[in-house]
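Notes follow the structure.
Heavy atoms only: backbone and side chains are in, while hydrogens, waters and symmetry mates are out. A note on names: the letters A, B, ... follow the listed sequences, proteins ahead of strands, and every chain is numbered from 1. None of these values were measured; they are calculated from a predicted model.
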2 protein chains.
Amino acid sequence: MKDILEQLKNKGYKLTQPREKVLGILLHNHTALSVQDIHKKIDSVDKASVYRVLNLFEELGLVNIENFNNEKLYCLTRDPHHHIICKKCGYSEEVPCTYEHHDFNNFDNVQHQMTLTGVCNNCNK
Amino acid sequence: MKDILEQLKNKGYKLTQPREKVLGILLHNHTALSVQDIHKKIDSVDKASVYRVLNLFEELGLVNIENFNNEKLYCLTRDPHHHIICKKCGYSEEVPCTYEHHDFNNFDNVQHQMTLTGVCNNCNK
DNA sequence: TTTACTATTGCAAATCATTCGCAATTGTGA
DNA sequence: TCACAATTGCGAATGATTTGCAATAGTAAA
C-alpha cells in the first residue's frame, strides 16, 4: 500500500481519498473486479471518479485488465496472472501467466490481455 | 462458406440473408472486426441483427472475440490466432496462437480470449 | 407450387458501461 | 495559514449492446 502511494506521490499525483480507497479495495481482493463491484464497496466515491482512478492506474501500469461480459475487470499487477471465470455464475480463480511474448517486427511496447472462461464444476452438475 | 452454412442448417438454424452476409464479411477479412465495422459493410442489415448473428456465431463457437477500446472484435475461428493491435492507430496483424491450455481442476470447457496491444513502427516515429 | 408455421428480422426504445464539462473541493508546497 | 492547480462530484452525453414487438421470410409438409 505505502509503496504504491509513494510511487504515485513521486510522480506528482496527489494522494486523494478516491485513489487510496480504490487501491485499498484492489489490495484486499484477489479476484478481478469491475468498476461496479468497486463502486459498491465505496459509495462515498463517485463512480466517475472510480473510472478516473482506474484509468490512471492503468496508464501507470498498476493494474491488469480483463474483459468479461462487456465490462472491464481490474486487478493489481502483482505476479503476472490471469483469471478463469465461470460463464454461468461468475466464480473465478487466479491463473498464473505462462504466456511468453514473441518479438514483433512491427510493434513495440507489447502487452497482452487474456481472459479464460469455462464452466465451473458446480454449474456443471 | 458452404461448410458453415451446412453446419447452421443441420443444427436447425435458418439460412437467412443477415447470417449469410455477416459470414461472408468474416470470411473475406483476416482482421478482427467490430460490429460497427461489419455493419458499415452491409447497411442492408440492421445493426441489431448483426449483433444477434454474431452472438449466435459466438454460441456456436464459430467466432473468436477480442476486446479493444471497449468494443468486441470478431473473427472466424480458423486456425487459432489472435491479433496485435496498435494502441494509437488501430493497425493490426494476425498472431498465431501459441497458448497451451492447462488442465483446471474446477473448470470444464475452457476457452481463452487474448488481445495483444502495442505501438506500431509508424506511430513510434 | 402453395400454405402454414415459427424463427428471424427491422425498428425504435431501453439499458448499461464509460466519458465529459464544469463548478466546487481538496491536497500540497510555500 | 494561503493560494493554486489537480481532482472530485454531479449530471448530462455518448456509444455499445440488448430487448419488445409487429412484420417478414425461411422451411417443411401438403
Side-chain angles (χ1 to χ4, degrees), chain A residues 1-2 4-25 32-60 62-63 65-74 85 87 90 113 115, chain B residues 1-2 4-25 32-60 62-63 65-74 85 87 90 113 115:
Chain A
M1 179 82 160
K2 309 255 172 178
I4 299 181
L5 291 178
E6 276 307 310
Q7 276 184 54
L8 282 176
K9 195 161 192 173
N10 293 337
K11 290 185 181 159
Y13 296 102
K14 295 185 177 173
L15 300 190
T16 65
Q17 300 236 6
R19 287 175 182 160
E20 296 193 15
K21 292 195 174 173
V22 170
L23 179 58
I25 289 180
L33 298 173
S34 69
V35 168
Q36 337 297 321
D37 294 333
I38 295 171
H39 181 244
K40 267 182 224 143
K41 297 173 192 270
I42 35 169
D43 29 316
S44 65
V45 175
D46 191 74
K47 200 183 283 186
S49 299
V50 176
Y51 276 103
R52 283 185 281 230
V53 169
L54 289 170
N55 284 343
L56 175 64
F57 286 2
E58 180 186 359
E59 274 177 40
L60 299 179
L62 297 176
V63 290
I65 300 182
E66 301 187 25
N67 276 284
F68 183 63
N69 263 142
N70 299 330
E71 63 181 344
K72 290 186 175 182
L73 305 182
Y74 295 84
I85 308 177
K87 278 177 208 166
Q113 173 272 306
T115 308
Chain B
M1 180 81 161
K2 310 256 170 175
I4 299 180
L5 292 178
E6 277 307 310
Q7 277 184 52
L8 283 176
K9 196 161 192 175
N10 293 338
K11 289 183 181 160
Y13 295 102
K14 294 185 177 172
L15 300 189
T16 65
Q17 299 235 8
R19 288 175 183 160
E20 296 194 16
K21 291 194 175 171
V22 170
L23 178 57
I25 289 179
L33 297 173
S34 69
V35 167
Q36 337 296 323
D37 293 333
I38 295 172
H39 181 244
K40 267 183 225 144
K41 297 174 192 269
I42 35 170
D43 29 316
S44 65
V45 175
D46 190 75
K47 201 183 284 186
S49 300
V50 176
Y51 276 103
R52 284 186 280 231
V53 169
L54 290 170
N55 284 344
L56 175 65
F57 287 1
E58 180 185 0
E59 274 177 41
L60 299 179
L62 297 177
V63 290
I65 300 183
E66 301 186 26
N67 277 283
F68 184 63
N69 263 143
N70 299 330
E71 65 182 343
K72 289 186 176 182
L73 305 183
Y74 295 85
I85 308 177
K87 279 176 206 168
Q113 172 272 305
T115 308

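- Side-chain contact between Leu73(B) and Ile85(B) is present, with at least one heavy-atom pair separated by less than 4.5 Å.
- Computed from coordinates, the Tyr51(A) OH to dG15(D) C1' distance equals 12 Å when rounded to whole Å.
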Quiz item: What does nucleotides 23-30 of chain D look like as a protein-contact string, B for base, S for sugar-phosphate only, - for none, at under 4.0 angstrom between heavy atoms?
Solution: ---BS---
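- Between Asn70(B) and dG15(D) there is no side-chain polar atom (N or O) within less than 4.0 angstrom of OP1 or OP2.
- Within a heavy-atom distance below 4.0 Å of DNA chain D, no residue of residues 35-42 of chain A is found.
- The side chain to side chain donor-acceptor pair (under 3.5 Å) contacts involving residues 7-22 of chain A comprise Lys21(A)-Ser44(A), where partners must be two or more places apart or lie in separate chains.
- Not counting sequence neighbours, the partners of Gln36(A) by the side-chain hydrogen bond (donor to acceptor under 3.5 Å, both in side chains) test are Lys47(A), Tyr51(A).
- Counting 5' to 3', DNA chain C first comes under 4.0 angstrom of a heavy atom of chain A and last does so at the ends given by dA17(C) to dT28(C).
- With hydrogens and angles ignored, the 3.5 Å screen pairs no side-chain donor or acceptor of Thr115(A) with any backbone N or O of Gln113(B).
- A distance-only check finds a donor-acceptor pair linking the side chain of His39(B) to the backbone of Val45(B) [under 3.5 Å].
- Following rounding to the nearest Å, Leu54(B) (CG) and dA16(D) (P) show an atom-to-atom distance of 14 Å.
- A donor-acceptor pair is defined here as one N or O able to donate and one able to accept, closer than 3.5 Å; such a pair exists between the side chain of Asp37(B) and the backbone of Ser34(B).
- Scanning all heavy atoms of the two residues, the minimum distance from Leu5(A) to Leu15(A) falls at O-CD2, 3.5 Å.
- For the pair Leu8(B) and Phe57(B), the tightest heavy-atom approach, listed with the atom from each and the gap, is CD1-CE1, 4.1 Å.
- Not counting sequence neighbours, the partners of Lys87(A) by the side-chain hydrogen bond (donor to acceptor under 3.5 Å, both in side chains) test are Gln111(B).
- For the residue pair Leu54(A) and Val22(A), the shortest heavy atom distance occurs at CD2-CG1, 3.8 Å.
- Looking at heavy-atom distances under 4.0 Å, Arg19(B) makes contact with sugar-phosphate atoms alone, never a base.
- For the pair Asp46(B) and Ala48(A), both in contact range of DNA chain D, the more 5′-proximal nearest nucleotide belongs to Ala48(A).
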